[in-house]
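See structure below.
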Amino acid sequence: MLRLAGTPASIIVERLPAGERASANANGVRPKAFRALRDEFVGVDQALADALAANANPNFPVSVIGTDRNRDFPPGWDTDEMRAFWQEGQRRLGQQFKVTPQILPDAGHYVQIEQPQIVVDAVAGLVTRLAESN
């Protein structure tokens, strides 16, 4: 249906580099992509329950990168209540891992696409911290 309607397979296709858009759109409308998305959604609750039950902090560096917006979420989710819920989740993640979340005001859910250098810098910082701890 998406192909017939000429609708992009993803809400972020237009933010990808121009050379990547056609491929991302073509891959996104394949049945395999929809099955993977369904499987991810189905498994989220159990994965969260398992993580909470383990009540363990990893013994490696962690970085929390978030946003103060709910852009890229389904219509109707960008409410004050959802924004507060989202920000509280980021705060709790930071608290759990004893780090201060880096909140980006100009990013949506896909910060790795919208502001890749920030993600690259964060990963490089984690690698450096890991190397220094050994």
Side-chain angles (χ1 to χ4, degrees):
M1 291 295 291
L2 291 173
R3 256 186 290 203
L4 291 174
T7 302
S10 169
I11 57 179
I12 63 160
V13 167
E14 294 305 316
R15 284 186 253 150
L16 292 172
E20 304 292 326
R21 292 177 191 156
S23 162
N25 203 37
N27 284 324
V29 295
R30 295 175 55 198
K32 185 177 182 179
F34 287 102
R35 283 193 299 272
L37 187 58
R38 179 205 61 213
D39 292 347
E40 179 182 349
F41 284 144
V42 167
V44 165
D45 289 338
Q46 186 60 52
L48 180 58
D50 291 347
L52 291 172
N55 196 27
N57 286 328
N59 192 19
F60 51 82
V62 173
S63 180
V64 176
I65 301 173
T67 180
D68 63 354
R69 300 181 184 187
N70 290 358
R71 188 173 69 210
D72 303 324
F73 282 12
W77 281 37
D78 192 15
T79 65
D80 290 340
E81 182 180 13
M82 275 303 292
R83 196 172 304 108
F85 177 77
W86 185 255
Q87 290 171 358
E88 174 63 12
Q90 294 171 94
R91 187 194 65 72
R92 287 177 51 207
L93 269 175
Q95 187 177 36
Q96 173 84 21
F97 298 112
K98 298 174 180 57
V99 298
T100 300
Q102 183 177 2
I103 305 302
L104 308 176
D106 297 324
H109 184 67
Y110 300 97
V111 66
Q112 71 277 16
I113 292 171
E114 297 172 1
Q115 297 190 28
Q117 192 59 52
I118 289 174
V119 175
V120 168
D121 293 345
V123 171
L126 292 174
V127 169
T128 298
R129 287 174 40 206
L130 187 59
E132 289 170 352
S133 69
N134 287 330

| remark: Tightest non-hydrogen contact, residues Gly66 and Gln90, listed as CA-OE1, 2.5 Å

| task | Scan side-chain atoms only and decide if Arg91 and Gln95 contain a donor-acceptor pair under the 3.5 Å cut-off. | result | yes

| query | Is Glu81 atom CD crowded by more than 12 heavy atoms from other residues, nucleotides or ligands, each under 6.0 Å away? | reply | no

Which pairs of donor and acceptor atoms, one on a side chain in residues 117-131, lie under 3.5 Å apart (sequence neighbours left out)?
residue : atom : partner : partner atom : Å
Gln117  : NE2  : Asp121  : OD1          : 2.8
Thr128  : OG1  : Ala124  : O            : 3.0

| Partner residues of Ala107 under the side-chain contact (heavy atoms from CB on, under 4.5 Å) criterion, sequence neighbours left out | Thr67, Leu104, Val111, Glu114, Gln115

| Any residue meeting side-chain contact (heavy atoms from CB on, under 4.5 Å) with Gln46, in chain and number order, not counting sequence neighbours |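 Expected list: Ala49, Asp50.
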
